*Asks:* 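I am attaching a structure below and will ask some questions about it afterwards.
Bear in mind the structure is a predicted one, so any value in this text is a computation, not a measurement. Heavy-atom basis, side chains included; hydrogens, waters and symmetry copies ignored.
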Amino acid sequence: MNPEKSVREYRADELAALVPLPAADANKYTRGTLTAVVGSERYPGAACLAAAASQRAGAGYTEVVTHPTAVDLVRAWRPSLVVLPRAALPEALAPAREGRPRACLVGCGFDVRDEESGPIVRAVLEQAQIPVVVDGSGLDALACEEGRLLLRRRFEEGLPTVVTPHAGEAARLARPLGLPSDDPCALARSLSLALGVIALVKGPVTYASDGDEIVRMTHGTPALAKAGTGDVLAGLVGALLAQGADALDAAVLGAELHARAGRIAAARLTDVAVVAEDVLEAVPHAIAELLREA
Ligand SMILES: NC(=O)C1=CN([C@@H]2O[C@H](COP(=O)(O)OP(=O)(O)OC[C@H]3O[C@@H](n4cnc5c(N)ncnc54)[C@H](O)[C@@H]3O)[C@@H](O)[C@H]2O)[C@@H](O)CC1
Ligand SMILES: Nc1ncnc2c1ncn2[C@@H]1O[C@H](COP(=O)(O)OP(=O)(O)O)[C@@H](O)[C@H]1O
C-alpha cells in the first residue's frame, strides 16, 4: 500500500462550508446534543475543557456525565453545562430523534487506575446508537479483543466511531494488531481499516483517515504542545458530530479549528505562554477567521 497516493488536504472554502451555521428557526435540540462522558477524580479539568469546546463548536446542548467528585467543579466552571454523575449513564445515551442529532464523546480525562474506565467505554460503545468519539485514556479500552469486537459491531451497523489518539496512544492501539507505528500517516489509515473507525492521529502534523482517504493537516503550532489541548480538540470533534457532520469531516474541521485557535492564541500570547484555556477562548476567532477566508 502506498498511502501517499491518496493523501489530501481540505481547502479553506471546503472547510468553511462545513461550519454548522444555525438555521433561522433552530432551537437548542435541533442544533445537536453532545453527551460527554469525561473526567475522573484525578483529571476533572479535562471534562471542563472538552465540554466548553463542544459549546463553542456549536452544539446546542452539551451534557457532561462525570465522576461524582468532579460534578461540582464542572458545574461551577460553566453554569450552562448540564452535569450528571456517572450513575446517570444508561439514560444519558438516548438515541437521536428526527431533527435532533446527538453524539457521544467518551474518555477525555479518564484515569487508567480507575477501574470503572474500561467498563464505561465498553458500555458506551455497546449502547450508544449514535456517533461516538473515543479520546484520552478511554482509548486504552480499545486495545483488547473485547474493545475491538465492539468497534467492529458498530462498523457493521453503520455507526461511526472516531478515535483521536496522540502518538503514544496510537502506538498502544497499534501494538496488539502488529501494525507499525513509526509513520503517523500510514498509521491513521491502518488503524482505521483494522478497527473500523475514523482515526485522527494527532501530532505536529495530524492525519485523519476513514480507511479510504487520508487527510493531512499542517496548520498546527508547537504552542499546542501543552496538557489539555487534546481535550479541547476532542470536544470540538464531538460537537461537530453531534450537529450531524460526516465523521471524517468532523475530525478534519475539528483539527483545523483547533490548529487555527492555537495559532491565534500564540499570536497574542506567544508560543511559550499559551495554555489549553487560551486555545479554547480562541475557538470563536478561529471560526470567524475561517469563514472570512472562504
Ligand atoms: N487537565 C486535565 O485534566 C488533563 C487531563 N488529561 C488526561 O489525562 C489522561 C492521561 O493522558 P496522558 O496523555 O497524560 O497520558 P498517557 O497515558 O497517554 O501518557 C503515558 C505515556 O504515553 C506516552 N506519550 C504521551 N503523550 C505522547 C505523545 N504525544 N507522543 C508520544 N508519546 C506520548 C509517554 O510515554 C507517556 O509517559 C487522559 O485521559 C487525558 O485526557 C490530559 O489531557 C492533560 C490535561
Ligand atoms: N509540535 C506540535 N505542533 C503542532 N501541534 C501539536 C504539537 N504538539 C502537540 N500538538 C497538538 O496538540 C494536541 C495535543 O493533544 P494531546 O497530546 O492529546 O494532549 P492532552 O492529552 O494533554 O490533552 C494535539 O492536537 C496535537 O496535534
*Asks:* So which atom in Val162 and which in Ala247 form the shortest heavy-atom distance, rounded to 0.1 Å?
*Replies:*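 Residues Val162 and Ala247, closest heavy atoms: CG2-CB, 3.9 Å.
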*Asks:* For a quick test of reading the model, state the closest non-hydrogen atom pair linking Arg75 to Val83 and the distance between them.
*Replies:*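 Heavy atoms only, the tightest pair is NH2-O, 2.9 Å.
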*Asks:* Any side-chain heavy atom of Val134 within less than 4.5 Å of one from Leu125?
*Replies:*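 A side-chain contact exists here, since the closest heavy-atom pair is under 4.5 Å.
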*Asks:* Thr35 and Val37: side-chain contact (heavy atoms from CB on, under 4.5 Å), yes or no, with the steps?
*Replies:* CA-CA 6 Å; Thr35 300; Val37 186; 4.2 Å; yes
*Asks:* Going by the rule salt bridge (charged side-chain N to carboxylate O under 4.0 Å, His left out), which residues pair with Glu116 if we only count those two or more places apart in sequence or in a different chain?
*Replies:*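 Applying salt bridge (charged side-chain N to carboxylate O under 4.0 Å, His left out) to Glu116 gives Arg86.
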*Asks:* Donor-acceptor pair, Thr221 side chain versus Leu224 backbone, under 3.5 Å?
*Replies:*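 Absent.
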*Asks:* Just to verify, what does Glu281 make a salt bridge (charged side-chain N to carboxylate O under 4.0 Å, His left out) with, not counting sequence neighbours?
*Replies:*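 Glu281 satisfies salt bridge (charged side-chain N to carboxylate O under 4.0 Å, His left out) with no other residue.
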*Asks:* List the atom pairs, with distances to 0.1 Å, where a side-chain N or O of residues 253-268 and a protein N or O form a donor-acceptor pair under 3.5 Å, not counting sequence neighbours.
*Replies:*
residue	atom	partner	partner atom	Å
Glu256	OE1	His219	ND1	3.0
Glu256	OE2	His219	ND1	3.1
Glu256	OE2	Arg260	NE	2.6
Glu256	OE2	Arg260	NH2	3.3
His258	NE2	Thr229	O	2.8
Arg260	NH1	Glu289	OE1	2.8
Arg260	NH1	Glu293	OE2	3.1
Arg260	NH2	Glu293	OE1	3.0
Arg263	NE	His219	O	2.7
Arg263	NH2	Gly220	O	3.0

*Asks:* Show me the donor-acceptor pairs, under 3.5 Å and distance only, between side chains in residues 88-97 and residues at least two apart or in other chains.
*Replies:*
none

*Asks:* Can you list the residues that meet the side-chain hydrogen bond (donor to acceptor under 3.5 Å, both in side chains) rule with Thr30, with sequence neighbours excluded?
*Replies:*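 Checked Thr30 against side-chain hydrogen bond (donor to acceptor under 3.5 Å, both in side chains); zero matches.
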*Asks:* Between Leu195 and Arg148, does a side-chain contact (heavy atoms from CB on, under 4.5 Å) hold up when you go through it step by step?
*Replies:* CA-CA 6 Å; Leu195 298 174; Arg148 288 192 291 271; 3.6 Å; yes
*Asks:* Taking side chain to side chain contact (heavy atoms under 4.5 Å, CB included) as the test, write out the residues that go with Ala225, two or more places apart.
*Replies:*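 Ala225: no side chain to side chain contact (heavy atoms under 4.5 Å, CB included) contacts found.
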*Asks:* Is a donor on one side and an acceptor on the other found under 3.5 Å between the side chain of Arg31 and the backbone of Arg100?
*Replies:*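 Pair absent, no side-chain N/O of Arg31 close to backbone of Arg100.
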*Asks:* Which atom pair, heavy atoms only, marks the closest approach of Gly211 to Ser192?
*Replies:*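 Gly211 and Ser192 have their closest heavy atoms at N-OG, 2.8 Å.
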*Asks:* Go through the structure and list residues passing side chain to side chain contact (heavy atoms under 4.5 Å, CB included) with Asp249, not counting sequence neighbours.
*Replies:*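 Per chain and number, Asp249 pairs via side chain to side chain contact (heavy atoms under 4.5 Å, CB included) with Tyr10, Leu18, Asp246.
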*Asks:* Quick check: does any side chain N or O of Arg42 sit under 3.5 Å from a backbone N or O of Val112, one acting as donor and the other as acceptor?
*Replies:*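 Checked: no pair found.
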*Asks:* List in chain and number order the residues that pass side chain to side chain contact (heavy atoms under 4.5 Å, CB included) with Tyr61, two or more places apart in sequence or in another chain; answer none if no residue qualifies.
*Replies:*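 Listed in chain order: Lys28, Tyr29, Thr33, Glu63, Val82.
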*Asks:* Could I get the full list of side chain to side chain contact (heavy atoms under 4.5 Å, CB included) partners for Asp13, not counting sequence neighbours?
*Replies:*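 With sequence neighbours excluded, Asp13 shows a side chain to side chain contact (heavy atoms under 4.5 Å, CB included) to Arg11, Ala294, given in chain and number order.
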*Asks:* Taking all non-hydrogen atoms of both residues, which atom of Thr62 and which atom of Ala59 are closest, and how far apart?
*Replies:*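 Heavy atoms of Thr62 and Ala59 come nearest at OG1-CB, 3.8 Å.
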*Asks:* Just grab all the ring pair (Phe, Tyr, Trp, His ring centres under 6.0 Å) pairs involving residues 62-120, residues at least two apart or on different chains.
*Replies:*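 Found none.
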*Asks:* Does the pair Lys202/Asp135 count as a salt bridge with the N-to-O cut at 4.0 Å?
*Replies:*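 A salt bridge is present here (some side-chain N lies under 4.0 Å from a carboxylate O).
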*Asks:* Can you check side-chain contact (heavy atoms from CB on, under 4.5 Å) on Glu41 and Asp114, steps first, answer last?
*Replies:* CA-CA 9 Å; Glu41 188 164 16; Asp114 174 358; over 6 Å; no
*Asks:* Calculate, to the nearest 0.5 Å, the distance between atoms CD and CZ belonging to Glu213 and Arg189 respectively.
*Replies:*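 Rounded to the nearest 0.5 Å, the CD-CZ separation comes out at 10.0 Å.
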*Asks:* What's the verdict on side-chain contact (heavy atoms from CB on, under 4.5 Å) for Val7 and Cys185, showing C-alpha distance, side-chain angles and the deciding distance?
*Replies:* CA-CA 8 Å; Val7 177; Cys185 175; 3.7 Å; yes
*Asks:* In the structure I gave you, are the side-chain heavy atoms of Leu49 and Glu277 within less than 4.5 Å of one another anywhere?
*Replies:*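 Side-chain contact under 4.5 Å: yes.
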*Asks:* If you count every heavy atom of other residues, nucleotides or ligands that lies below 6.0 Å from Arg56 atom CZ, does the total exceed 12?
*Replies:*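 At most 12 heavy atoms, drawn from other residues, nucleotides or ligands, come within 6.0 Å of this atom.
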*Asks:* Please report, to 0.1 Å, the donor-acceptor pairs under 3.5 Å made by any side chain of residues 234-245, with sequence neighbours excluded.
*Replies:*
residue	atom	partner	partner atom	Å
Gln243	NE2	Ala57	O	2.8
Gln243	NE2	Ala239	O	2.9

*Asks:* Could you tell me which residues satisfy salt bridge (charged side-chain N to carboxylate O under 4.0 Å, His left out) with Asp278, sequence neighbours excluded, listed by chain and number?
*Replies:*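 Checked Asp278 against salt bridge (charged side-chain N to carboxylate O under 4.0 Å, His left out); zero matches.
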*Asks:* Does Gln127 use its side chain to pair, donor to acceptor, with the backbone of Val124 at less than 3.5 Å?
*Replies:*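 No.
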*Asks:* With side chains defined as the heavy atoms from C-beta onward, is the minimum distance between Arg216 and Arg8 less than 4.5 Å?
*Replies:*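 With C-beta onward as the side chain, the pair stays apart.
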*Asks:* Just how far is it from atom OH of Tyr43 to atom SG of Cys108, taken to the nearest 0.5 Å?
*Replies:*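 Result: 13.0 Å between the selected atoms.
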